[in-house]
4 protein chains.
Amino acid sequence: MDNFQIRTDLALEARESVNEEESKLRGVSVEEHYEEEADLRITKVTIDTKNAEKMLGKPMGVYVTMEAPAMVEPDDDYHREISEALAEELLKMMPQEQEEQSVLVVGLGNREVTADALGPQVVDNLLITRHVVKNYGKAAYNCTRMNLVSSIEPGVMAKTGMETAEIISGVVKETGPDVLIVVDALAARSTRRLNRTIQITNTGIQPGSGVGNHRNALTQETLGVPVIAIGIPTVVDAATIVGDALEKLMSGEKEFDAVKYMGQHRMAFAELNNMYMTGKDIDSVVKRVSYTVSEGINIAMEKSFVV
Amino acid sequence: MDNFQIRTDLALEARESVNEEESKLRGVSVEEHYEEEADLRITKVTIDTKNAEKMLGKPMGVYVTMEAPAMVEPDDDYHREISEALAEELLKMMPQEQEEQSVLVVGLGNREVTADALGPQVVDNLLITRHVVKNYGKAAYNCTRMNLVSSIEPGVMAKTGMETAEIISGVVKETGPDVLIVVDALAARSTRRLNRTIQITNTGIQPGSGVGNHRNALTQETLGVPVIAIGIPTVVDAATIVGDALEKLMSGEKEFDAVKYMGQHRMAFAELNNMYMTGKDIDSVVKRVSYTVSEGINIAMEKSFVV
Amino acid sequence: MDNFQIRTDLALEARESVNEEESKLRGVSVEEHYEEEADLRITKVTIDTKNAEKMLGKPMGVYVTMEAPAMVEPDDDYHREISEALAEELLKMMPQEQEEQSVLVVGLGNREVTADALGPQVVDNLLITRHVVKNYGKAAYNCTRMNLVSSIEPGVMAKTGMETAEIISGVVKETGPDVLIVVDALAARSTRRLNRTIQITNTGIQPGSGVGNHRNALTQETLGVPVIAIGIPTVVDAATIVGDALEKLMSGEKEFDAVKYMGQHRMAFAELNNMYMTGKDIDSVVKRVSYTVSEGINIAMEKSFVV
Amino acid sequence: MDNFQIRTDLALEARESVNEEESKLRGVSVEEHYEEEADLRITKVTIDTKNAEKMLGKPMGVYVTMEAPAMVEPDDDYHREISEALAEELLKMMPQEQEEQSVLVVGLGNREVTADALGPQVVDNLLITRHVVKNYGKAAYNCTRMNLVSSIEPGVMAKTGMETAEIISGVVKETGPDVLIVVDALAARSTRRLNRTIQITNTGIQPGSGVGNHRNALTQETLGVPVIAIGIPTVVDAATIVGDALEKLMSGEKEFDAVKYMGQHRMAFAELNNMYMTGKDIDSVVKRVSYTVSEGINIAMEKSFVV
């Protein structure tokens with residue numbers, strides 16, 4: 001937090017914070033779709049040019065955001081609908097050449113920190129098939145085509161002494177999956193989006209993203225296979241929310257720039273360093289939404305092998 | 001957060017936020033003591049009058065605060081020193097009439113939410129003796145005097161459907177301890193105090209305190225036995241930290257009052273409701289400080305039965 | 001295990017081990033029912049006399065056993081069927097006088113020991129309503145009649161220093177539930193019944209039962225309210241399985257009695273003391289069956305308040 | 001368990017079960033050493049020939065066994081002594097060429113199954129240094145020579161869909177450690193050795209060993225770097241303990257062979273398949289001994305970098 005940047009892992013929020021006309025010119029396209037019955041808003045942000053990439057601070061690629069306000073509610077039927085919508089979006093992003101794919105799901109984050117436990121909790125509820133198919137053939141599942149699903153929870157560097165990217169890279173080389181699905185807890189700018197937004201992107205994981213702030217990229221470029229990232233914002237960066245409050249207070253004053261002000265008074269705001277804000281019911285929320293994501297991945301993997 | 005109060009569970013911070021002269025007049029006394037070698041500052045705030053109680057928003061009683069900056073560091077020897085200092089302060093606060101006491105340690109909070117897991121993690125590492133002494137006599141520990149230590153982790157209302165106070169009250173009536181030690185994670189005003197401050201008080205637990213915001217009191221008045229509370233601040237209330245930032249920005253403007261301003265613009269700040277701020281390494285910090293507190297209680301319990 | 005008794009917590013197995021004719025005479029009746037579609041065998045053992053109680057070593061009352069071989073399989077639809085059957089049996093055993101009931105569900109056992117974690121894991125997934133109805137009225141659930149569900153996980157004596165019965169008794173007196181549902185992991189005689197059998201009884205919990213060997217009773221007599229116990233066998237007592245193997249080997253020799261033999265050679269078999277046998281996949285099995293039981297209780301609680 | 005083998009992961013027990021004279025001839029040497037004060041028996045079994053390897057069913061190499069009866073007791077000072085002795089034995093087995101080494105500690109087993117959680121719990125308490133030295137240099141620890149310690153908990157195949165050996169092999173190739181220390185829960189033949197015996201060997205992990213029965217080897221041959229394995233027996237194989245009881249009963253009958261008998265009556269003993277026996281207090285025991293092992297590794301790693 002050297003210069004008190006406004007921090008968001010959501011391309012949707014990055015897009016909202018810049019001038020709309022300009023962003024179109026520079027190569028950002030936005031498509032929106034609302035499913036009334038499910039109260040589900042799906043927005044697809046496509047970043048097409050290097051200019052757009054620079055403007056939004058997000059790499060070129062496709063970012064689908066599913067906003068589902070009721071995602072925090074304990075309604076099983078509703079969560080099933082979201083899981084199914086997630087499966088659909090996920091399948092659209094999967095490389096389609098192969099009929100059977102070997103998919104490695106990576107649960108990023110720290111199981112011991114509730115707001116960062118999304119990834120580990122998602123992999124807990126996956127239907128893992130790779131070892132069964134390898135050992136007993138597809139016949140074990142009574143089908144002729146079958147995805148091979150494997151998963152790993154790499155842990156955090158403070159505990160492993162290794163970069164997540166080192167661990168994943170080694171495992172990818174050794175086990176040769178066709179595609180990676182990486183799941184991580186994200187930081188949003190607005191508390192309004194916490195726990196009720198799912199972002200799916202084909203750009204993988206960028207350095208500095210996620211609740212745990214990954215240092216290295218997990219992308220097709222670094223790993224050699226396509227990397228789809230699924231993220232749900234569970235925290236707001238402390239400096240960002242304070243900056244936003246300052247802007248609200250000074251909204252009359254044209255020349256006020258919270259980022260600049262906080263940078264100038266770094267010492268006064270230094271305590272916000274490495275702090276994040278989260279909700280008091282984060283445990284039950286993460287438990288619920290991680291299950292929704294697991295189910296989404298399970299449905300996508302099953303669907304794709306039905307002849 | 002109906003009116004955006006400044007929130008702190010530390011009597012020390014409550015005392016800092018009011019006029020010093022006035023607080024003396026009204027019945028607040030402060031004693032400070034610094035142990036250079038251990039870099040440990042011990043402050044004793046005594047609230048003697050109803051007036052002082054009202055002014056600070058904390059009930060009459062004694063509040064000892066131990067500030068130990070290195071408490072967040074992974075230095076085992078240092079933690080032992082803090083545990084010993086904690087044991088000493090704890091023993092000073094225990095009712096002294098009885099030589100052998102039956103002590104029930106209550107671990108408040110939510111094990112599933114890292115910043116609120118202090119209480120449950122502390123009871124995990126206690127030396128529990130009540131059942132052994134009840135069944136085999138003190139001879140089991142080769143001594144003639146012996147404290148009976150028991151513990152309970154009552155869980156949170158969302159999971160039990162019961163007030164913590166109902167559960168504890170029932171257990172106290174049934175098992176008849178002489179004194180309660182209640183351990184809880186607290187909210188501080190300043191991030192500077194997070195995880196490196198221990199507050200010990202003979203006033204028990206008040207409604208609205210703690211990370212989980214207890215609704216009912218756990219006090220001698222409500223439970224019929226003395227209640228000593230040990231707390232460590234692990235979070236800062238989100239509204240409080242934003243209010244403080246606003247005050248910093250407007251520090252030149254005499255008439256600006258952040259609490260009032262935020263109350264007037266309630267809708268704009270509503271998102272801070274039920275949010276708290278915590279550090280990214282909260283898991284390892286809570287693990288370490290909970291162990292320090294367990295050891296402090298264990299030492300205090302042992303000491304008191306050595307003839 | 002002073003005298004190497006044959007140990008089973010299942011009334012069904014206790015009944016199988018005695019002479020059928022005699023058991024009828026003495027006051028044991030057995031009704032069996034098989035649901036072919038669900039491959040579910042429901043057996044109701046009723047112990048009517050003190051003589052029968054003595055013969056079987058189980059107190060007078062009703063014991064319903066649901067045997068469902070596929071319970072260990074990961075088939076969600078099938079588990080739903082079992083949950084519904086469990087709900088039905090549970091409702092038959094509930095005291096029917098009141099239309100609205102306050103139900104306290106007690107999760108016995110040790111969360112840290114996988115085979116003993118059934119009770120704690122069941123309470124993790126219950127729909128808890130007592131605090132909501134107490135605070136907001138039944139209107140919160142949009143209905144005019146409503147059960148009040150609360151739950152507690154009392155922990156084990158080694159950790160609390162208190163008998164489970166003390167804790168539960170205190171909580172019952174303080175919160176006044178109409179009925180208790182107590183969930184516990186059991187010991188079976190045969191590995192064939194592990195994890196695929198549910199026993200529901202109106203006799204509560206007896207001393208010496210369960211994986212953790214409860215020392216005190218949790219019954220209507222001791223607690224003052226009806227106590228329904230739900231149990232699933234997850235372990236086999238080590239001495240029992242060894243004794244059974246010895247009997248198999250000596251099955252030709254009329255006069256051989258394993259219990260007597262092991263008693264006579266106590267030293268040689270002392271190592272079996274406090275040991276139990278369980279399956280290697282006990283973690284996933286307990287996770288799955290605990291969810292089935294939670295759902296059964298949830299369905300029963302919901303059903304009873306639908307007008 | 002196709003043929004009801006007698007199962008033990010301890011070379012010491014394998015050695016005990018064969019004729020002493022013959023084993024000497026064939027290339028097994030045994031050195032024993034007893035430290036009276038610590039009540040610690042250290043036995044070094046060296047398997048020198050292919051013949052001995054075949055006879056004992058353990059690969060050629062050195063197996064050091066530390067038997068410490070009090071290891072199950074909650075005495076901190078005593079555990080420190082064992083940790084120090086473990087560190088010493090561990091250092092003797094480390095490749096000595098390099099002064100600074102990069103050491104990867106692998107915590108095998110299943111965190112969710114108490115008796116199999118030794119490996120994961122050991123890595124929880126290690127002092128991890130690799131990332132700090134990589135990023136800040138040895139100066140971060142105020143020293144000129146420094147071991148680089150990293151760790152990984154690969155999880156179990158049912159959850160990852162990958163062989164443990166695949167994961168470890170990938171991580172080893174990517175991060176290039178000089179030596180592996182692999183920690184695992186073992187199966188003993190005698191309950192007498194459970195939880196109070198530590199085996200350290202330079203032969204790595206063999207297929208079929210451990211509580212979880214690893215399918216692939218983790219050895220210098222398969223991974224390309226020296227592999228030291230540290231194991232503690234926490235379970236006894238169910239078929240083995242039943243076989244031993246049968247042998248006891250038939251000890252008069254010369255011709256009786258339990259393995260043969262059980263093989264002939266496979267169906268009658270099939271229920272013992274995939275079952276193991278463990279103690280009722282396995283949770284607190286594993287917690288304690290895993291801490292002892294962590295400390296042993298930490299001491300060994302520190303010692304080796306003191307100039």
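Keep in mind that the numbers below use all heavy atoms, side chains included, and drop hydrogens, waters and symmetry copies. Residue numbers begin at 1 in each chain, while the letters A, B, ... track the order of the sequences.
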Q.
Which atoms of C/Asn110 are under 4.5 Å from chain D, going by heavy atoms: the side chain, the backbone, both sets, or neither?
A. side chain
Q. Should C/Arg7 and C/Asp9 count as an ion pair when the cut-off is N to O under 4.0 Å?
A. yes
Q | Contacting moiety of D/Asp244, where chain C heavy atoms sit under 4.5 Å | A | neither
(Q) Under the criterion ring pair (Phe, Tyr, Trp, His ring centres under 6.0 Å), I'd like the reasoning laid out for C/His265 against C/Phe269: C-alpha separation, chi angles, the key distance, then a yes or no. (A) CA-CA 7 Å; C/His265 301 78; C/Phe269 295 98; 7.0 Å; no
Q.
With chain C as the partner, which of D/Val236, D/Val156, D/Val286, D/Leu246 has the greatest number of non-hydrogen pairs under 4.5 Å?
A. D/Leu246
**Q.** chain D interface, residue from C/Leu249, C/Asp116, C/Ile241 that has the most non-hydrogen pairs under 4.5 Å
**A.** C/Leu249
Q.
Counting only heavy atoms from other residues, nucleotides and ligands, does the tally under 6.0 Å from CD of C/Glu32 exceed 12?
A. yes
**Q.** Expected output: side-chain C/Thr114 to main-chain D/Glu112 donor-acceptor under 3.5 Å
**A.** yes
Q: Among D/Lys159, D/Lys287, D/Arg192, D/Met277, single out the residue with the greatest number of heavy-atom pairs under 4.5 Å to chain C.
A: D/Met277
Q) Pick from C/Ile198, C/Leu118, C/Thr197: which one makes a side-chain contact (heavy atoms from CB on, under 4.5 Å) with C/Val289? A) C/Leu118
Q) Less than 4.0 Å between a side-chain N and a carboxylate O, is that true for D/Arg193 and D/Glu67? A) yes
(Q) Heavy-atom cut-off 4.5 Å, strictly under: side chain, backbone, both or neither for D/Ser284 against chain C? (A) neither
Q: Select, from C/Thr278, C/Asp283, C/Val242, C/Ile282, the one with the greatest count of heavy-atom pairs under 4.5 Å involving chain D.
A: C/Thr278
Q) Which bit of D/Asp281 is near chain C, if near means a heavy-atom gap under 4.5 Å: side chain, backbone, both or neither? A) neither
Q: Using non-hydrogen atoms and a 4.5 Å limit, figure out which bit of D/Val211 sits close to chain C: side chain, backbone, both or neither.
A: backbone
Q) Going through the checks in order, is the side-chain contact (heavy atoms from CB on, under 4.5 Å) test met by C/Asn216 and C/Thr164? A) CA-CA 8 Å; C/Asn216 292 160; C/Thr164 299; over 6 Å; no
